[in-house]
Amino acid sequence: MGKEEFKSFAEFYPYYLAEHSDATSRKLHYIGTSLAMGLLIYALVTGSWALLIAVPVAGYLFAWIGHMVFEKNKPATFRYPFWSLLGDFRMYFEAIASLLKSERK
């Protein structure tokens, strides 16, 4: 898969997951997403607007390291920026849901 044109997020998401098959890379994505959301919330609550610049840096830095070092592929962000962001959040919340489900057992 490399030059696909996806018509929907439902078509895109399996591709997104395939591009994130390495567990360490996924963990780096989760760290970056957590930091980005934490920074965003902190900036909004405290009015520290300059911190908003750090939100995408924190989010993407960890993800791109995961792609370069562990996945050895190009981030989907470059070709599919919006769907890639949606994919990141879906993967993140699916991981949280999976952890919560496994703790209930």
Side-chain angles (χ1 to χ4, degrees):
M1 291 187 160
K3 300 196 186 236
E4 308 79 353
E5 292 303 320
F6 301 103
K7 294 181 178 98
S8 68
F9 181 71
E11 284 182 12
F12 171 78
Y13 192 58
Y15 165 79
Y16 182 84
L17 289 178
E19 294 291 298
H20 297 83
S21 60
D22 183 85
T24 302
S25 176
R26 284 193 310 272
K27 288 174 187 170
L28 288 169
H29 277 68
Y30 303 148
I31 291 167
T33 300
S34 297
L35 285 172
M37 289 192 306
L39 283 167
L40 177 63
I41 292 166
Y42 183 80
L44 294 174
V45 169
T46 64
S48 303
W49 308 122
L51 279 178
L52 293 175
I53 294 168
V55 171
V57 173
Y60 287 117
L61 177 65
F62 285 90
W64 290 353
I65 289 170
H67 284 284
M68 286 186 280
V69 176
F70 299 99
E71 297 285 357
K72 309 262 192 266
N73 63 19
K74 252 191 226 180
T77 304
F78 296 131
R79 291 197 64 219
Y80 308 100
F82 181 68
W83 281 351
S84 180
L85 183 61
L86 287 179
D88 185 59
F89 282 117
R90 180 171 172 185
M91 185 174 71
Y92 180 83
F93 288 110
E94 284 177 351
I96 291 171
S98 178
L99 284 172
L100 293 174
K101 185 177 180 181
S102 68
E103 286 182 7
R104 288 185 203 150
K105 290 182 179 180

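We number each residue from 1, following the sequence as shown. Atom set for the values below is all heavy atoms of this structure, side chains included, hydrogens, waters and symmetry mates excluded.
- Not a single ring-ring contact (aromatic ring centres under 6.0 Å, His included) links Tyr30 to another residue, sequence neighbours left out.
- Other residues sharing the hydrophobic cluster of Val45, ordered by chain and number and joined by side-chain separations under 4.5 Å: Ile41.
- In this view, Tyr60 satisfies the side chain to side chain donor-acceptor pair (under 3.5 Å) rule with no residue, not counting sequence neighbours.
- Between the side chain of Glu71 and the backbone N or O of Ser21 there is at least one donor-acceptor pair closer than 3.5 Å.
- Connection of Trp64 to Tyr15 is established within a shared hydrophobic cluster, with ILVMFWY side chains joined at heavy-atom distances below 4.5 Å, either directly or through further cluster members.
- Applying the side chain to side chain contact (heavy atoms under 4.5 Å, CB included) rule to Phe82 yields the partners Leu86; only residues at least two apart in sequence or on another chain are considered.
- In this view, Ser48 and Tyr42, Thr46, Leu51 satisfy the side chain to side chain contact (heavy atoms under 4.5 Å, CB included) rule, not counting sequence neighbours.
- Going from atom CE of Met91 over to atom OG of Ser98 covers 13.0 Å, rounded to the nearest 0.5 Å.
- Listed by first and then second residue, the ring pair (Phe, Tyr, Trp, His ring centres under 6.0 Å) pairs involving residues 85-105 amount to none (not counting sequence neighbours).
- Between the CZ atom in Arg90 and the CG atom in Leu17 there is a gap of 7.5 Å [rounded to 0.5 Å].
- The distance from atom NZ of Lys74 to atom CD of Glu19, rounded to the nearest 0.5 Å, is 11.0 Å.
- In this view, Asp22 satisfies the side chain to side chain donor-acceptor pair (under 3.5 Å) rule with no residue, not counting sequence neighbours.
- Atom CD1 of Ile53 has 12 or fewer heavy atoms from other residues, nucleotides or ligands within 6.0 Å.
- Using cut-offs of 30° and 60° on the angle between ring planes, the pair Phe6 and Phe12 is perpendicular.
- One distance of note links CZ of Arg26 with OG1 of Thr33; it measures 13.0 Å at 0.5 Å rounding.
- Under the 4.5 Å side-chain criterion, counting only non-hydrogen atoms from C-beta, Tyr16 is in contact with Asp88.
- Applying the side chain to side chain contact (heavy atoms under 4.5 Å, CB included) criterion to Ala58, with sequence neighbours excluded, gives Leu35, Leu39.
- Applying the side chain to side chain contact (heavy atoms under 4.5 Å, CB included) criterion to Ser8, with sequence neighbours excluded, gives Ala10, Glu11.
- Hydrophobic clustering (side-chain heavy atoms under 4.5 Å, transitive across Ile, Leu, Val, Met, Phe, Trp, Tyr) keeps Leu40 apart from Met37.
- By the ring-ring contact (aromatic ring centres under 6.0 Å, His included) test, Tyr13 pairs with Phe9, sequence neighbours left out.
- Residues Ile96 and Leu85 fall within the same hydrophobic cluster, defined by Ile, Leu, Val, Met, Phe, Trp and Tyr side chains chained together at heavy-atom separations under 4.5 Å.
- A salt bridge (Lys or Arg N to Asp or Glu O under 4.0 Å) check over residues 43-58, counting only residues at least two apart or in different chains, returns nothing.
- Nearest heavy atoms, Arg79 versus Glu5: NH2-OE2, 3.3 Å.
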